[in-house]
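Notes to accompany the following structure.
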Amino acid sequence: MTDERYDYQPGTIEPKWQERWATEGTFKTPTDRTKPKYYVLDMFPYPSGAGLHVGHPKGYVATDVVARAKRAQGCNVLRVMGWDSFGLPAERQAVKEGKHPREITTRNIATFKGQLQQLGLSYDWEREVATSDPDYYRWTQWIFLKLYKAGLAFQAEVPVNWCPALGTVLANEEVHDGVYKETGDPVEARLMKQWMFRITDYAERLLAGLDDVDWPEGIKRLQRDWIGRSEGADIRFAVAGSEATIEVFTTRPDTLFGCTYVVLAPEHALVEALTSDAQRAAVAAYVESTGKRTERDRKAQAADAPKTGVSTGFMAINPVNGEQIPIWIADYVIGSYGHGAVFACPAHDVRDHAFAKTFDLPIKEVVAGGDVTQEAYTGDGPHVSSSFLDGLEIDAAKAKITEWLTSEAKGSGVVRFALRDWLFSRQRYWGEPFPLVETEDGTTHTIPEDQLPVLLPELDAYKPTEDGRPPLARATDWVQTEVSGKPARRETNTMPQWAGSCWYYLRFTSPTRDDMAWDPEEEAYWMPVDLYVGGAEHAVLHLLYARFWHQVLYDQKLVSTPEPFKRLFNQGMVHATSYTDERERYYYPEQVEEVDGKWVTKEGALPLKTKLEKMSKSKCNVANPDDVCAKFGADALRLYELFMGPLEDGATWTTDGVSGTRRFLDRLWRVVINDETNALSAKIVSEEVDNKDLERALHLGIKVMSEAVDTLRFNVAIARFMEFVNEATKAKQVPQAWIESFLCALAPLAPHLCEELWERLGHEGGISLVPWPSYDEAVLKVETVKLVVQINGKKKGEVELAPDASQDEALAAAKALEKVAAAITGKTIRREIYVPGRLVNIVAN
RNA sequence: GCUCUCGUAGCCCAAUCGGUAGAGGCAACCGACUUAAAAUCGGUCCAGUCCGGGUUCGAGCCCCGGCGAGAGCACCA
């Protein structure tokens with residue numbers, strides 16, 4: 001073959017450099033401590049069987065670019081990857097295939113790792129961790145003991161979200177509309193003994209800590225809402241003809257004079273005691289019916305939704321005026337919030353108003369300003385019909401009534417949180433065993449730290465037992481143990497998947513230590529995480545739980561920073577077009593075609609709907625990074641992931657788009673390499689060249705890229721780089737020094753190609769070790785700028801001036817324009833505006 | 001129902017403190033090269049910024065009210 005060409009071949013150079021980085025240990029975490037540190041972290045993935053699609057690497061590529069640039073900028077960088085590898089899907093797959101979950105997990109990790117490695121991500125793979133590895137979960141158990149010994153773990157008989165299909169309970173956060181968010185299996189309420197964490201003890205701290213971190217405001221707000229701090233008062237109501245006292249929580253104690261009834265949640269402890277014989281049947285029926293209702297039935301209830309309830313026949317006594325008011329039961333009151341009971345003020349609460357209307361209960365106005373016969377008035381105004389509160393506005397009235405309640409011993413001011421204690425046990429196999437045993441007298445004992453880990457017993461069936469105990473109960477030999485000679489039973493629950501991800505960022509600082517969870521010196525050096533990148537779906541759960549553990553560890557002086565994640569960044573999702581027919585069946589892009597602007601199936605020409613949706617296997621719209629790498633190369637894929645748009649926005653995947661970034665790399669290659677001879681291109685010269693456009697493009701590119709490392713707005717930087725390559729393609733000569741600076745700035749984005757060209761340009765050491773290129777502001781300056789000249793905001797012409805011209809010069813030049821002179825003749829100049837480098841505006845009439 | 005984010009060329013996206021809309025890419029089209037095509041190179045086309053008000057000398061950007069898309073929350077007393 002004589003027409004052999006030497007064009008850009010990512011298929012050859014990418015494996016070459018990946019191998020080189022691995023053998024030379026290029027991305028090994030530095031051990032010297034003389035440089036500033038930078039800890040950049042990805043939210044580690046759950047290694048699912050489906051493998052990666054092109055949406056996953058978006059965040060990883062962004063952090064990789066930051067990591068590579070920070071190294072070049074003189075930082076010691078900690079850049080690591082691991083696996084959140086405990087979890088239900090592996091267990092289910094294990095059942096399906098008749099294999100052990102460990103086997104499934106190992107296989108999936110290998111797939112994920114291979115897919116990530118071909119992208120050339122600069123992880124220090126020697127620090128890889130997996131939460132399901134005994135060397136790792138040993139320390140998860142160790143941290144559990146720290147929390148346990150701090151009195152933060154407790155067992156409680158609690159109503160839980162029981163999922164019959166999975167045979168386990170779920171956390172509140174995992175349930176939505178009465179179904180498990182992940183699988184859609186229905187969830188029902190059940191009373192069970194469970195391990196809980198007193199995360200509520202940290203509610204105030206978790207709230208306050210948000211003020212000190214650089215997180216998107218939206219995420220902070222979600223966490224604040226989730227924690228849900230509210231100030232109010234506890235008020236005690238006596239009951240006529242009973243010794244019982246009903247305690248209620250309210251944020252509006254000022255409306256106490258407007259109270260016309262009291263409501264208990266159906267599950268309230270006093271329901272039995274406070275039901276009259278006449279109402280007993282009705283109450284029992286109501287309690288039964290609401291108990292049966294799963295949350296799925298109750299789902300989307302707005303505040304003014306139709307209300308149900310039943311009277312108990314008992315009367316409560318309003319502590320502030322001695323009035324007798326009826327006690328009702330209704331499911332709009334939630335048993336688990338506050339005291340599971342409220343006093344109702346229909347005039348000033350939407351829910352109470354709807355209830356009072358339904359059951360024809362009195363509505364008594366105590367804050368003037370609305371028409372309470374029509375709707376609840378929740379705005380401010382002077383209090384009326386409220387004795388000593390009359391005339392006061394809400395805040396003052398709240399303070400005064402709270403003071404009164406306190407002095408009369410009928411109540412007190414309190415702060416309450418919507419945050420609930422964290423339900424921490426699961427009835428699954430593939431999770432961390434608790435390091436706990438129970439003796440026959442019911443006492444719980446901890447396993448000594450030096451006996452950790454408590455290993456998962458080997459089982460061949462992973463379902464709960466017939467009588468509903470967790471899968472670990474099947475390991476009868478394992479369960480039976482002893483404590484100081486006395487027989488004892490091991491805890492058979494396992495920890496939820498959140499456990500491992502609550503502290504993996506700490507393990508990464510010294511992942512191979514087998515004598516401690518982390519080395520305090522390493523922790524002190526690397527923490528906090530400087531940049532944490534992941535999806536917004538973890539806004540509440542993972543980030544709140546991890547902060548909670550971290551704060552506990554901080555209190556025990558086990559970590560050096562009060563917050564784990566200094567800066568958080570959420571990358572947007574990658575969407576792709578999906579095709580569905582009338583029956584909502586999905587089709588692969590290969591199965592469809594466009595006819596006259598309409599999409600139909602190739603076979604049978606069924607009409608189709610197109611939609612932009614989150615990439616997902618079930619929607620037949622995933623693009624596989626392996627295919628993209630094979631066709632365009634990892635560097636083109638990396639560039640396109642970031643070129644699609646701002647990192648935080650959702651983006652639409654188009655394979656045509658990748659061809660654009662690939663063409664950019666092809667052009668760059670041809671600027672440097674003569675693709676007919678495989679030698680350096682003749683346009684690369686060692687001497688200086690007078691080409692202002694090219695030089696400016698270079699410096700602008702470096703500048704914008706330097707900024708992008710902090711703002712993560714790589715899409716703009718890539719556009720600048722494209723301009724440079726376009727200029728360089730046009731140029732007759734390109735100084736080698738310029739192209740080298742350019743390669744250094746581009747290397748974090750397209751590392752394989754830049755390494756290769758760097759080597760071809762005669763350098764021995766890798767480009768990954770070369771310091772970050774600088775740019776010169778002076779080069780960016782242009783000699784003249786076009787100033788827009790306006791009269792009364794309307795464009796009349798342009799003048800060309802030096803960018804730093806004075807106002808007088810600019811105005812003089814503007815007025816010298818014929819059109820301008822004509823426009824201002826005979827008029828009074830009211831105002832003259834000069835924005836250097838931009839415009840001159842003369843306001844005249 | 002509530003909250004947040006986003007609406008700029010056919011499409012994806014730029015546009016500093018509010019300074020008079022275009023950097024880049026995709027697609028399309030034209031030309032060069034080619035027997036031809038692909039690839040490549042050069043070039044061209046294209047919007048007045050979702051709609052309606054307001055503030056301002058000046059609004060894509062700020063304010064108010066709609067419309068549309070996406071995400072989150074949902075009886076928390």
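- Remark: the D421(A) side chain and the T200(A) side chain contain an N/O donor-acceptor pair separated by less than 3.5 Å.
- Within the 4.0 angstrom heavy-atom criterion, only backbone atoms of the sugar-phosphate kind lie near R252(A); the bases stay farther away.
- Shown here, rC4(B) forms a base pair with rG70(B); the pair counts as Watson-Crick or G-U wobble because both key distances fall under 3.5 Å.
- Contact annotation for R830(A): no contact, since no heavy-atom pair falls under 4.0 Å across all strands.
- Summarising the base pairing, rC46(B) is matched to no nucleotide, lacking a Watson-Crick or G-U wobble pair whose two defining distances lie under 3.5 Å.
- Comparing the same atom, P, in rA59(B) and in rU16(B) gives a spacing of 16 Å after rounding to whole Å.
- Because its glycosidic torsion is within 90° of 0, rG48(B) is reported here as syn.
- Between E777(A) and H699(A) there is no side-chain heavy-atom pair separated by less than 4.5 Å.
- R662(A) has no side-chain polar atom (N or O) that falls below the 4.0 Å cut-off from OP1 or OP2 of rG25(B).
- Taking atom CG of D225(A) as the reference point, atom P of rU3(B) lies 12 Å away to the nearest angstrom.
- Comparing the P positions of rG70(B) and rG65(B) gives a spacing of 23 Å, expressed to the nearest Å.
- One can find a donor-acceptor pair under 3.5 Å joining the base of rU16(B) and the side-chain atoms of R838(A).
- Remark: rG52(B) base-pairs with rC64(B); criterion is Watson-Crick or G-U wobble with both hydrogen-bond distances under 3.5 Å.
- Evaluation of atom-type donor-acceptor distances gives a pair under 3.5 Å for the side chain of R420(A) against the base of rC76(B).
- Nucleotide rC76(B) forms no Watson-Crick or G-U wobble pair with any nucleotide shown, as no partner meets the under 3.5 Å limit on both distances.
- Using a 4.0 Å heavy-atom distance criterion, L222(A) is classed as a sugar-phosphate-only contact.
- Syn is the classification of rC17(B), since its glycosidic angle stays within 90° of 0.
- For the C1' atom pair drawn from rC13(B) and rG31(B), the interatomic distance equals 28 Å after rounding to whole Å.
- The separation of rU40(B) from rC4(B), taken at their P atoms, amounts to 47 Å, rounded to a whole angstrom.
- The ring of Y261(A) has its center closer than 6.0 angstrom to the ring center of F355(A).
- In the interface, the side chain of D656(A) is not paired with the base of rC26(B) through any donor and acceptor atom under 3.5 Å apart.
- Of the side-chain N and O atoms in S230(A), one or more sit less than 4.0 angstrom from OP1 or OP2 of rA77(B).
- Checked against a 6.0 Å centroid threshold, the rings of W215(A) and F569(A) do not count as neighbours.
- Contact annotation: R713(A) reaches the phosphate of rA14(B) (side-chain N/O to OP1 or OP2, under 4.0 Å).
- Spacing between atom CD1 of I394(A) and atom P of rA77(B) amounts to 14 Å, rounded to whole angstrom units.
- Whole-Å rounding puts the L642(A) CG to rC13(B) C1' distance at 14 Å.
- Counting non-hydrogen atoms under 4.0 angstrom, R229(A) reaches nothing in the nucleic acid.
- Comparing the same atom, C1', in rA23(B) and in rA37(B) gives a spacing of 33 Å after rounding to whole Å.
- Atom NE2 in H339(A) sits about 13 Å away from atom P in rA77(B), given to the nearest Å.
- Salt bridge D666(A)/R670(A): absent, no basic N to carboxylate O contact under 4.0 Å.
- Between Y8(A) and W669(A), the two ring planes are tilted [angle within 30° to 60°].
- Residue-level contact check: T661(A) touches neither bases nor backbone, having no heavy atom under 4.0 Å from any strand.
- When heavy atoms are screened at a 4.0 angstrom cut-off, N715(A) is found touching the sugar-phosphate backbone but no base atom.
- At the heavy-atom level, N726(A) lies under 4.0 Å from the strands shown only through sugar-phosphate atoms.
- Pair assignment for rA59(B): none, as no Watson-Crick or G-U wobble contacts are both less than 3.5 Å.
- Which of rC41(B), rC76(B), rC57(B) sits closest to the side chain of N841(A) comes down to rC57(B).
- Across all strands shown, rA9(B) forms no Watson-Crick or G-U wobble pair with both key distances under 3.5 Å.
- Judged by Watson-Crick or G-U wobble contacts below 3.5 Å, the nucleotide rC41(B) has rG31(B) as its partner.
- Taking 4.5 Å as the limit, some side-chain heavy atom of T255(A) sits within range of a side-chain heavy atom of R252(A).
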